[in-house]
Amino acid sequence: MLGTVAGGGIGAVDVGSDGATGEPVELTLDALPDYVRAQEASHAPRWVWSDSAHWLPGLLTSGVTVARCHDLRLCHGILARSAYTGDRAPLVTAEEWRRAVEEPVVASPTATLFDLEIEHADRATVPADLPAALAEFARQRAALDSSGADGRRLRILLAAESAGALIAAEMRSAGLPWSAEEHDRLLSEALGPRPASGMKPAGMVALAERIEGALGVRGLSIDSAPKLLQALRGAGIDVQSTSQWELIEHEHPAIAPLLQYKKLARLLAANGWSWIDEWVRNDRYRPVYVPGGVVTGRWASSGGGALQIPRRLRPAIRADAGWTFVSADVAQLEPRVLAAMSGDRAMAIAGQGKDLYAGIVESGAVPSRQDAKIAVLGAMYGSTSGDAGRLVPRLRRIYPHAMRLVDDAAATGERGGIVSTWLGRSSPAPDPEWFDLQARAQANAATAADESRARRASRDHGRFTRNFIVQGTAAEWALAWMADLRLRLARFPETSGDRAPASGSAFERRAHLAFFLHDEVIIHAPLDQAEAAATAIRDATAAAGRLLFGDAPVEFALDVVIGRTATKE
DNA sequence: CCGCCCGGCGCG
DNA sequence: AAAGCGCGCCGGGCGG
């Protein structure tokens, strides 16, 4: 247990596995890293602290890593909302911890970008002092004890969520190896050489001229959607918006250069040269990962768009000399998770082997792989029209258990109810306006418009809860996967080879996690540890499946690639 | 001038 | 004009 004490020092208390607390120790901030290092060496406790994002960056900067923690902020967020929690009342009424449920922490990227001092991570989030931490930990233990058999799943979820907080901080500390040179080369190839600041790259200027010529307009502001729309319509192109999926339907000489222009404009704005200047230092990109930042339990990110790096820039992810990447992604994670949680044997069998969609085609449900994909995504997202609307009912016949689970989740959501993931992360209730809308539609004075608005809101929320249980369970599977993998990698020997100067912590001197994207990890590994890291990923995949779903016959198929650039496919 | 919303598009 | 979930970020445009 770690917390601040009056006067600005640090207080620490040993917490036994039975929850018994020992004598408090008082430390100065400077003495903290050595204290934590010593505790790790002697008995590797599970550190209980207010907020990993508060405590860990400074420790990592000092070269200290911790094996396990219990993150009170993240765990409060789960327990205070979970339908699995027996008695939530004491947590819900703990006012000072409410932010943990209401708003995920988004660190200020500018404040913490290259300076991982503890002071900078000290944002107003949840209480960081020792008495508050002790009180909250006691509430959380009591909440778990009141949860009966569901407590087992919640405990797994809390451990996985807390491990995710460690991984997020460690990955930020390590950074993603990134070649600014390769990035610049890719940009120049697409856009032309870097222009003076404020100027458009030559590639975009040339396309703009072609677009103006084709539309018969001079001085068009292509970047202004209203002006562009007006110009398109003026040229006889009957569109309602300027989005690419609508433009692509029309035949006109302006369309091709316009679509190309939009691609380049996006690349320049989101990941152009100023992105490199802002986010890449010493061959490292250091995004802020936000564990639990999405209601479903997925991570969010803040700063540089870490979870939206375009595929075409993947070649800029470049391992250090003497190192390589081991990249792995899970094929069709979400449908596999759905098969497991619903106990749908037929769907599980379709997923035996690499490609679940091919298995669905073999089952005879649909004629082609593309149809299988549309049908499965449609089932999980709640599509009712188009190809998906036609294909989903076939799935309902062949995989009744899987479909029943998501259909029930949707029905619950349409009524304003709450659904939960496999391990017990629960969906937020609709806001009061939603219930107002439903009540108004039920009233005697309700108009047809009231009823249709209410029905639409109801369906919208049903699609949200339908997807919530699958996306959320996939997210906790991924957390369990990474948590297991992280501890396997931590047992690798430290490499004796040369290392880039950016390295600070011990975990960076062996194979370590460098990137995570929902169903995909990238490990940065010394060349001689790459094969072992690949094995660790495969072992972690099996372990995560067992931890969540026991002996259910579901396979989680992996694509593993070893190489110095982290390209996919 | 600032904050906010929104269209649009990148990722899963 | 998206059908069909979850995000973050950008620039334009608007209201204050």
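Quick note on labels: first sequence line is chain A, next is B, and so on, each numbered from 1.
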Are [X] and [Y] close enough that their ring centers fall under 6.0 Å?
{"X": "A:His183", "Y": "A:Trp273", "answer": "no"}
{"X": "A:Phe556", "Y": "A:Trp477", "answer": "yes"}
{"X": "A:Tyr285", "Y": "A:Trp275", "answer": "yes"}

When we call it a touch if two heavy atoms are under 4.0 Å apart, what does [X] touch: a base, just sugar-phosphate, or nothing?
{"X": "A:Gly305", "result": "sugar-phosphate"}
{"X": "A:Val295", "result": "sugar-phosphate"}
{"X": "A:Leu267", "result": "nothing"}
{"X": "A:Ser383", "result": "base"}
{"X": "A:Thr384", "result": "sugar-phosphate"}
{"X": "A:Glu334", "result": "nothing"}
{"X": "A:Gly304", "result": "sugar-phosphate"}

- Would you say the side-chain atoms of A:Thr473 pair up with the backbone N or O of A:Trp422, donor to acceptor, closer than 3.5 Å?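 Answer holds: yes.
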
Would you please confirm or rule out a distance under 4.0 Å between OP1 or OP2 of [N] and any side-chain N or O of [X]?
{"X": "A:Gln244", "N": "B:dG10", "result": "yes"}
{"X": "A:Arg266", "N": "B:dC9", "result": "no"}
{"X": "A:Thr242", "N": "B:dG8", "result": "yes"}
{"X": "A:Ser243", "N": "C:dA1", "result": "no"}

When you get a sec, tell me which of [options] is the closest nucleotide to the side chain of [X]?
{"X": "A:Lys262", "options": "B:dG12, B:dG8, C:dG4", "answer": "B:dG8"}
{"X": "A:Gln240", "options": "C:dA1, C:dC5, C:dG11", "answer": "C:dA1"}
{"X": "A:Ala388", "options": "C:dG6, C:dG12, C:dG4", "answer": "C:dG4"}
{"X": "A:Ala269", "options": "C:dG11, C:dC5, C:dA1", "answer": "C:dG11"}
{"X": "A:Asp519", "options": "C:dG8, B:dG12, C:dG13", "answer": "B:dG12"}

- Query: C:dG4 and B:dC4: how far apart are their C1' atoms, nearest whole angstrom?
  - Reply: 28 Å

- Rounded distance in Å between the C1' positions of B:dC5 and C:dA3: 25 Å

Whole angstrom value for the distance that separates [atom2] of [N] from [atom1] of [X]:
{"X": "A:Tyr381", "N": "C:dC7", "atom1": "OH", "atom2": "C1'", "value": "11 Å"}
{"X": "A:Ile309", "N": "C:dC7", "atom1": "CD1", "atom2": "C1'", "value": "14 Å"}
{"X": "A:Gln332", "N": "C:dC5", "atom1": "CD", "atom2": "P", "value": "21 Å"}
{"X": "A:Ile222", "N": "C:dC10", "atom1": "CD1", "atom2": "P", "value": "21 Å"}
{"X": "A:Asn271", "N": "C:dC10", "atom1": "CG", "atom2": "P", "value": "9 Å"}
{"X": "A:Met204", "N": "C:dG11", "atom1": "CE", "atom2": "C1'", "value": "11 Å"}
{"X": "A:His518", "N": "B:dG10", "atom1": "NE2", "atom2": "P", "value": "16 Å"}
{"X": "A:Asp238", "N": "C:dA1", "atom1": "CG", "atom2": "P", "value": "11 Å"}

- Nearest-nucleotide wise, let me know which of A:Asp460 and A:Asp223 is further upstream toward the 5' end of DNA chain C.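 Nearest-nucleotide comparison on DNA chain C picks A:Asp460.
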
- May I ask you to verify whether the side chain of A:Arg311 and the base of B:dG10 hold a donor-acceptor pair under 3.5 Å?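 Flag unset: no donor-acceptor pair detected.
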
- Message: Please name the nucleotide paired to C:dG4 by Watson-Crick or G-U wobble geometry with both distances under 3.5 Å, or report none.
- Response: none

- Item | Stacked cation flag A:Arg318 on A:Trp178, 6.0 angstrom / 45 deg | no

- Message: Please check if the number of heavy atoms outside A:Arg233 that lie under 6.0 Å from its CZ is greater than 12.
- Response: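 Yes, the 6.0 Å shell around CZ holds more than 12 heavy atoms from other groups.
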
- Between A:Asp277 and A:Arg194, is the closest basic N to carboxylate O distance under 4.0 Å?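 Looking at A:Asp277 together with A:Arg194, the answer is yes, because their closest N to O distance falls below 4.0 Å.
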
